[in-house]
Student: 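Please see the structure below; I have some questions.
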Amino acid sequence: MAELVFPHRHLLGIEGLTPHDIEVLLELAEEQVSVSRQVEKKKSTLRGRTQINLFFEPSTRTQSSFELAGKRLGADVMNMSVSASSVKKGETLIDTAATLNAMRPDIIIVRHHAAGAVHLLAQKVDCSVVNAGDGAHEHPTQALLDALTIRRNKGTIQGLTVAICGDIQHSRVARSNLILLSALGARVRLVAPSTLLPSGIEHFKVEVHTAMKSGLEGADIVMMLRLQRERMNGSFIPSVREYFRYFGLDQEKLSYAKPDVLVMHPGPMNRGVEISTHVADGPQSLIREQVEMGVAVRMAVLEALASHLPNR
Ligand code: NCD
């Protein structure tokens with residue numbers, strides 16, 4: 001690849017990125033994998049810069065991954081969890097943005113329960129903003145780390161059949177992955193009970209299956225999603241036991257896919273609900289590797305944005 005230039009000031013979603021933008025981030029991430037495997041993991045790309053992790057939703061892996069990524073690039077990282085902040089006291093998102101902006105951060109990483117909140121915040125601050133998940137909308141760094149994991153294991157994304165299974169309706173991971181994987185030439189299938197598929201899905205250029213057998217047939221990658229029970233207001237599934245029986249990934253259902261199929265899950269996993277322990281910890285699972293790639297991808301994103309950071 002000629003030049004690793006990323007032309008955007010923010011990373012708000014996969015939508016709006018070109019295949020070249022995505023390739024640039026994946027290429028940068030490959031370098032960070034090596035850095036992260038060294039004893040000395042520190043770079044100076046963000047030395048003197050301030051990164052704020054502003055999380056309005058609880059998160060373990062995404063927040064710690066962004067924290068490590070910022071620190072490995074030399075930034076000063078501050079974590080702000082909203083349960084401990086003035087939003088609880090009625091401050092609006094815009095007020096919070098203005099307050100943080102006055103502290104002159106260079107990068108703000110935001111997770112919010114409302115779709116679109118991160119875009120809104122990005123318009124109100126002078127620094128770069130990274131979307132770490134907004135409602136059921138987008139989670140771009142998750143899709144990037146999934147793509148990096150797939151590429152490292154399969155050599156390419158072009159031409160692969162990827163089955164994304166489970167609670168599609170409430171999943172920002174499914175949405176970002178669908179956009180990214182299609183942009184890089186994968187065939188994406190969505191597999192879910194009809195109650196967990198978003199309405200209007202038939203208008204998307206994507207194969208939809210309501211049974212695991214047909215959905216997994218010939219798949220190179222099976223990506224399982226968590227049942228997002230915190231986002232459900234109503235009963236979308238008859239019972240967890242029945243859900244596992246029909247849609248939970250166990251060894252038997254996995255055998256419908258290609259013999260060299262690989263299994264992914266963004267975490268946190270509900271073992272025995274969407275995936276069996278046997279499969280989650282089995283030889284075809286990439287779940288741990290996804291976590292490692294998460295730090296590398298977030299370092300790559302921060303580095304890509306570094307050339308756009310405020311200079312005064
Ligand atoms: C995902 C998220 O928050 O959207 N998890 C994550 O980022 N590690 C998926 C999920 O919560 O199920």
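Atoms within each ligand, like the ligands themselves, are counted from 1 in listed order.
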Student: With atoms numbered from 1 as shown, which atoms in ligand 1 lie under 4.0 angstrom from a non-hydrogen atom of Val173?
Tutor: 1 (C), 4 (O), 9 (C)
Student: Is the shortest distance from a heavy atom of Pro266 to ligand 1 less than 4.0 Å?
Tutor: yes
Student: Report yes or no: does Asp76 contribute a side-chain atom to a donor-acceptor pair with the main-chain N or O of Thr50 at less than 3.5 Å?
Tutor: no
Student: Determine, considering heavy atoms only, which of His170, Arg172, Arg226 sits nearest to atom 11 (O) of ligand 1.
Tutor: Arg226
Student: Does the side chain of Ile109 reach to within under 4.5 Å of the side chain of Gln63, using non-hydrogen atoms?
Tutor: no
Student: Starting from atom 10 (C) of ligand 1, find the nearest protein heavy-atom neighbour and note its residue, name and distance.
Tutor: Gln228 NE2, 3.2 Å
Student: List in chain and number order the residues that pass side chain to side chain contact (heavy atoms under 4.5 Å, CB included) with Ser171, two or more places apart in sequence or in another chain; answer none if no residue qualifies.
Tutor: Val173, Ala174, Leu225
Student: By number and element, which atoms of ligand 1 are closer than 4.0 Å to a non-hydrogen atom of His139?
Tutor: 2 (C), 4 (O), 6 (C), 7 (O)
Student: List every atom of ligand 1 that sits less than 4.0 Å from any heavy atom of Thr62, numbering the atoms from 1 in the order shown and giving each element.
Tutor: 6 (C), 7 (O), 8 (N)
Student: Just by distance, with hydrogens left out, do Arg111 and His139 show a side-chain donor and acceptor under 3.5 Å apart?
Tutor: yes
Student: So, Glu274 and His265: side-chain donor and acceptor under 3.5 Å apart, yes or no?
Tutor: yes
Student: So with a 6.0 Å cut-off around NE2 of His113, is the heavy-atom count from everything else above 12?
Tutor: yes
Student: Any idea which of Gly294, Gly267, Ala174 brings a heavy atom closest to atom 6 (C) of ligand 1?
Tutor: Gly267
Student: Ligand 1 versus Glu57, non-hydrogen atoms closer than 4.0 Å: side chain, backbone, both, neither?
Tutor: neither
